[in-house]
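These notes concern the structure reproduced below.
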Amino acid sequence: MKIFSGIRPSGQIHLGNYLGAIKQWIDLQKENECVFSIVDLHAITTPYDPKELKKDILNTAIIYLAAGVDPDKSIIFVQSRVQEHSELAWLFETITPMGELNRMTQFKEKSKENKDYINSGLLNYPVLMTADILLYKADAVPVGKDQEQHLELTRTIAKKFNQKFGDTFKEPKSLILKEGAKIMSLTDPKRKMSKSDDKKSYISLFDSPEEITKKIMSATTDSGKEVKYNITKKPGISNLLTIYSLLSNQTTQEIEKMFVKKSYSEFKKSLAEVVVNYLEPFRRKQKEFSAREIYVEEILNQGKSKALVIAQETIQEVRSKMGLS
Ligand code: AMP
Ligand code: TRP
């Protein structure tokens with residue numbers, strides 16, 4: 001299969017991004033042709049600081065590498081450095097009905113969060129995402145659950161293009177995990193873990209052991225005493241159990257058994273240990289790659305060259321089918 005996915009280089013990458021998206025990438029790259037992008041053109045649709053963005057782009061590349069994306073197996077590149085993404089997005093915008101974009105949940109949420117920053121890039125965000133995916137004619141897109149609606153639109157646009165201009169694109173499917181597709185906030189387990197929320201609400205992949213322990217120990221739990229999975233009655237404990245289970249490869253039932261007659265605080269202490277240990281190699285590799293910025297830039301340059309070959313071929317085909325050249 002051809003796989004495409006991306007993450008916005010905005011601030012920290014958290015455990016939700018890892019468990020929902022990146023963890024799947026690492027498995028998929030073993031047997032598939034994978035393209036993973038740092039989607040900076042998406043990042044600028046919400047308020048940002050240009051100086052920080054430059055650093056965040058490099059840091060996101062380091063995160064991909066530290067998490068195990070292998071540049072010998074997968075293409076890693078920065079979206080804005082392959083201009084075909086913007087061009088294809090424009091071409092798709094001409095066949096995308098406004099109504100489809102207005103109803104997107106992410107657009108509505110982000111418009112509410114940033115009332116004085118509702119730009120047309122934010123509205124067209126899913127069309128650029130469609131261009132990202134179809135430029136590489138991907139079969140499948142590993143993402144968290146919040147992106148499913150955008151993937152539906154991608155299929156709609158692919159179908160519409162094919163009907164209007166002749167068979168060109170496949171309709172890519174989304175790869176969404178059963179567990180981990182939606183990791184919730186540590187401070188408000190009814191909201192998804194998000195990097196635009198308060199730092200206490202998420203665990204960054206590179207938090208220090210002390211920070212991780214502090215955040216988990218103060219995570220919101222529920223009334224009652226039992227460590228039991230119950231999404232409606234115990235959303236806080238259930239979210240922590242999901243994280244425990246995914247990082248320790250044990251089922252939630254097995255973990256519940258370990259904590260029968262034990263307190264929330266004993267459970268949290270143990271979870272903090274699990275998270276600290278799991279993330280230890282990430283912290284180590286991050287330090288290593290951070291000291292080798294030139295090497296990381298070289299990987300991004302090579303990724304760009306490889307991505308460009310595929311992107312240019314698709315754009316030529318599209319231009320010609322649309323009567324542009
Ligand atoms: P973003 O940070 O919005 O660029 O998201 C990058 C990837 O992480 C996308 O595939 C999202 O669906 C996924 N993701 C973001 N937040 C979560 C979460 N709380 N739980 C699971 N996956 C998530
Ligand atoms: N929109 C995605 C998010 O917010 C990021 C993204 C941009 C993406 N382009 C993509 C994800 C292409 C998968 C494929 O998380």
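Counting convention: from 1, in listed order, for ligands and their atoms alike. By convention here, the first residue in the shown sequence is residue 1.
Under the 30°/60° scheme for interplanar angles, the aromatic rings of Phe36 and Trp25 are found to lie parallel. Between Phe289 and Tyr295, the ring-plane angle classifies as parallel under the 30° and 60° cut-offs.
Remark: side-chain polar atoms of Ser245 are paired, donor with acceptor, to backbone N or O of Gln250 under 3.5 angstrom. A donor-acceptor pair is defined here as one N or O able to donate and one able to accept, closer than 3.5 Å; no such pair exists between the side chain of Asn114 and the backbone of Tyr117.
Of all the listed residues (Leu175, Leu19, Ile183, Ile7), Ile183 holds the heavy atom that lies closest to atom 19 (N) of ligand 1. Heavy-atom proximity to atom 9 (C) of ligand 1, evaluated over Ser185, Gly20, Ala181, Gly144, is greatest for Gly144.
Arg8 NH2, 2.7 Å is the protein heavy atom nearest to atom 3 (O) of ligand 1. The protein atom (non-hydrogen) at minimum distance from atom 11 (C) of ligand 1 is Asp146 OD1, 3.4 Å. Nearest protein heavy-atom contact of atom 2 (C) of ligand 2 is Gln147 OE1, 3.4 Å.
Residue His14 places a heavy atom less than 4.0 Å from ligand 1.
Of the polar atoms of Ser5, none of the N or O atoms is found under 3.5 Å from an N or O of ligand 2, judged by distance alone. Checked against a 3.5 angstrom limit, the closest N/O atoms of His150 and ligand 2 fall outside it.
Under 4.0 angstrom from ligand 1, the non-hydrogen atoms of Met193 come from both its backbone and its side chain. Counting heavy atoms under 4.0 Å from ligand 2, residue Ile7 does not touch it at all. Under 4.0 angstrom from ligand 1, the non-hydrogen atoms of Lys195 all belong to its side chain.
Heavy-atom contacts from other residues, nucleotides or ligands closer than 6.0 Å to CD of Gln83 number 12 or fewer.
Atoms of ligand 1 found under 4.0 Å from any heavy atom of Ala21 (numbered from 1 in listed order, with element): 7 (C), 8 (O), 10 (O).
Every residue two or more places apart in sequence or in another chain that forms a side chain to side chain donor-acceptor pair (under 3.5 Å) with Lys170 is listed here: Asp139.
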